[in-house]
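Chain letters run A, B, ... following the sequence lines, proteins first, then strands; residues in each count from 1.
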Amino acid sequence: MIDELQKNLLNGDFEIAEKIFQRISFDDARSMITKIAGDTGNILTYTFAVSLLLKERKSAKLHLFASQILSTALEHLEGAYIGGLYHIRKCIELDPNNIDYKEVLLTFYALPDQLISKDEATKIALEVLAVDPDNYWALRVIT
Amino acid sequence: MMYRSQYVISLSFYCLFLVTAQPTFSDSIFVANPYKENVHCVPSHLINVRMYEPRLMGVVYNVRQPQKNETKKDKDSQQQQNLFFKGFSWVAEHIADGIGYFIDDDNNQPVQKLQQKPRASPSIKKKLKQKPQQAQFSDSKKEVSQKITQRESKSCTTKYPLVLSLSKPTSSNQKSVKYYQAVIEEYEHELGCEQESYSDEHVYKKARLHALHETLKDPHIVHEKLYEFSEGIETVLHKHEVIMDDWHYCYGTPIQQHIHQEFITVTEQILAIKTQRGQETPHKSLTDTIINFADLGIAYNHVNHIVQSCSILDFCWGLKDSCCGLVEGLWDVGCALREAANHPIESGKAFLWRNIVHPATHLGHALSKAMRALDDLGYIQFLKFIGKKELAEQKYHDFLQRVIAFDDRLQAKLKMLGDDWQAAKVLGIRNLVRHATPNVLEGYVTGKALTVFCKLSNIARVQALSATKKIVDKVHKLSSVEVIAVTVEGIELPIVAESMQFLIETEKKIGGASQLPLSELQRKFKIVIEGIEEILPEVAKANRDKILHVLQSKHVWDRLVHDPKDWDAVARIISKVLREGIQNATKTPFIFEKVAIIGPHTVTVRFRKYLNEVSLSNAWINFI
């Protein structure tokens, strides 16, 4: 299935790719496309995520998907982390009570790029710790 | 070649309880064998008392029959005589049981075989019934520790067993909670199995256990600590061209700090011996070797190779005790004599049971442990032996097999014996040790063992050769004496001599050692990092874009490698982190990362996971 998805993605056949995407679970599809993005380095994988977002603009899950492609597979591209961070901020904006998105945001704090400030990271970390006192990423910011 | 344990007993004492035997020589040494059926009597003018290793022979007494006008003059001598009587019951028992006979000093033929129990005088019978004197082995631990401290501060002669612990080999390299737990279990097992021990190493091992527990509480907590040494040690370390910062500074977990301190301690102790005994003793070469090993061990410790550094540390303790043995045994018999005279029975047992078996076992064990660990790390590929890798590998494997086989044999035998001293006598533990330990010492003295230690191999081999040659020279001088001499580890000197001859001839044929550039040695710290890690396939498959991304200057690889653009070196570090690092992940399967402490720095590696496949995403050295 991954081969079929890859073939259609990289050919720009997003409609077929979307059908395949919908046949499998979101998490499986997400990791599959992230792998394709990482292996090929092809920007079309991100374009595909954006195409899905255009159809469902207020989907935090799709923003997370787009962020993951940029920041874990195409991170070698200039501005990829900033793009990834943008999508995560959108996730939090759309679903402010979801601790998981805030946790992901904190992963950007640890990057050498210093994409988020200490103050912002601390604020988010405290919010995470209020719900999950043992959260590694939050503790890492606080300590 | 015959192997004989030898005990020297006084003529005067012997005359007292052997009514039927009245030798006429007044200035002689008796050499008794508690396991075999003979007692040698050798005229003292033929004996160079230094050739007797008291720790092997139990008690050595060079007795001149007291002259009438001397008895009151020399109180110490008289006191020593009294101690002889108290302490000789053990040897006397063997002779009284009819297992000994005299050998005439002139023609070396048995003059009388003791078929029956000799009639001992009432006073001797009384002596024989006396309980063994309460010796230092029953002292409280506190007292013993104090005595050890006194011993270290005053002299290196040992009154207490230089007991070393048995260690179980391990190939685990994982720095994780599980890993620490495994190491703790191992140490607890070792300490539980050990006999009551007062050695420095035993004390340190307990402290190591404590440090491991502390580390286990929170493996993420690291400390920064500076270590100060005396001017003397600083000078010596400078002479060895070690990187002083590596010795002065340690950044790591409690166990790393403890290991660092232990390396400094073992070095200080060996230098204390050196200071007391001068520079010209054969152990100088061994001292140099210990310092070199300690330096290597510290480098391992800096890069958080706990198992490897502990192995080298154990090996250093073993070598240090061997140094003590050489100094005390072959070059300071008089000192050891006085010690033995105080508590002959207990000393005799201790010498045989602990000071021979344990160090030998330890040395072999530590060696095999270190080698297994190095083998696990693939160090063999960097091995150099006079420029011929195949030859080096062959020699290494040959020696490794022998050491492991020896180790297994000795372990099995010791397990069988347990604490049964009588069983040890019956089975002739000394013979066992004699046969087994050549594998260790031969490997050591010929430099075969040291050859595997890569960059240090050439220096180490030269040092080993130098030390051994001095021993060989001694053997040649003593060749006319009809007593078999042994080293502190229970190895006959002729065996060492033969090994040495073999090595020298081999060396000549091959054409001598080629020294490695000093610059390489000086860069040892980074060599360790770059040299020991295999690159994982998931790292090796990274494409050009990924490599360029990882090698960005903001990832500060220059803190760990010479050339921050050298992907090969960086890939090794990344592989090490992926192999040993602590994994963290977000709840949504978004980010996977592993973090590990490499030297003084924390390295983060992020990766993607698809099914079981791992792909590198990014990696950097933390600098916040």
query = With no hydrogens and no angle check, is any side-chain donor or acceptor of A:E75 less than 3.5 Å from a backbone partner on A:A73?
reply = yes
request  = Return the orientation label for the A:H87 and A:Y46 ring planes: parallel under 30°, perpendicular over 60°, tilted otherwise.
outcome  = perpendicular
ask   = chain A: which of B:K541, B:H549, B:K546 shares the most heavy-atom pairs with it under 4.5 Å?
value = B:H549
ask   = Strictly under 6.0 Å, is that where the ring centroids of B:Y227 and B:F263 end up?
value = no
query = Relative to the ring of A:F21, is the ring of A:F65 parallel (under 30°), tilted (30 to 60°) or perpendicular (over 60°)?
reply = tilted
request  = Among B:T586, B:V550, B:D545, single out the residue with the greatest number of heavy-atom pairs under 4.5 Å to chain A.
outcome  = B:T586
inquiry  = Please check if the number of heavy atoms outside A:K58 that lie under 6.0 Å from its NZ is greater than 12.
reply    = no
key: Side chain, backbone, both or neither of A:L64 within contact of chain B (heavy atoms, under 4.5 Å)   = both
task = Evaluate salt bridge (charged side-chain N to carboxylate O under 4.0 Å, His left out) for B:E593 paired with A:R140, printing each intermediate quantity in order.
result = CA-CA 13 Å; B:E593 73 170 32; A:R140 189 161 144 180; 2.3 Å; yes
task = Please state whether the side chain, the backbone, both or neither of A:D132 comes within less than 4.5 Å of a heavy atom of chain B.
result = side chain
ask   = In terms of heavy-atom proximity below 4.5 Å to chain A, should B:N543 be classed as side chain, backbone, both, or neither?
value = side chain
remark   = In terms of heavy-atom pairs under 4.5 Å with chain A, the winner among B:E613, B:R608, B:K609, B:K587 is B:R608
Residue B:Q552 versus chain A: region with a heavy atom under 4.5 Å = neither
query = With only heavy atoms counted, which part of B:A619 is less than 4.5 Å from chain A, the side chain, the backbone, both or neither?
reply = neither
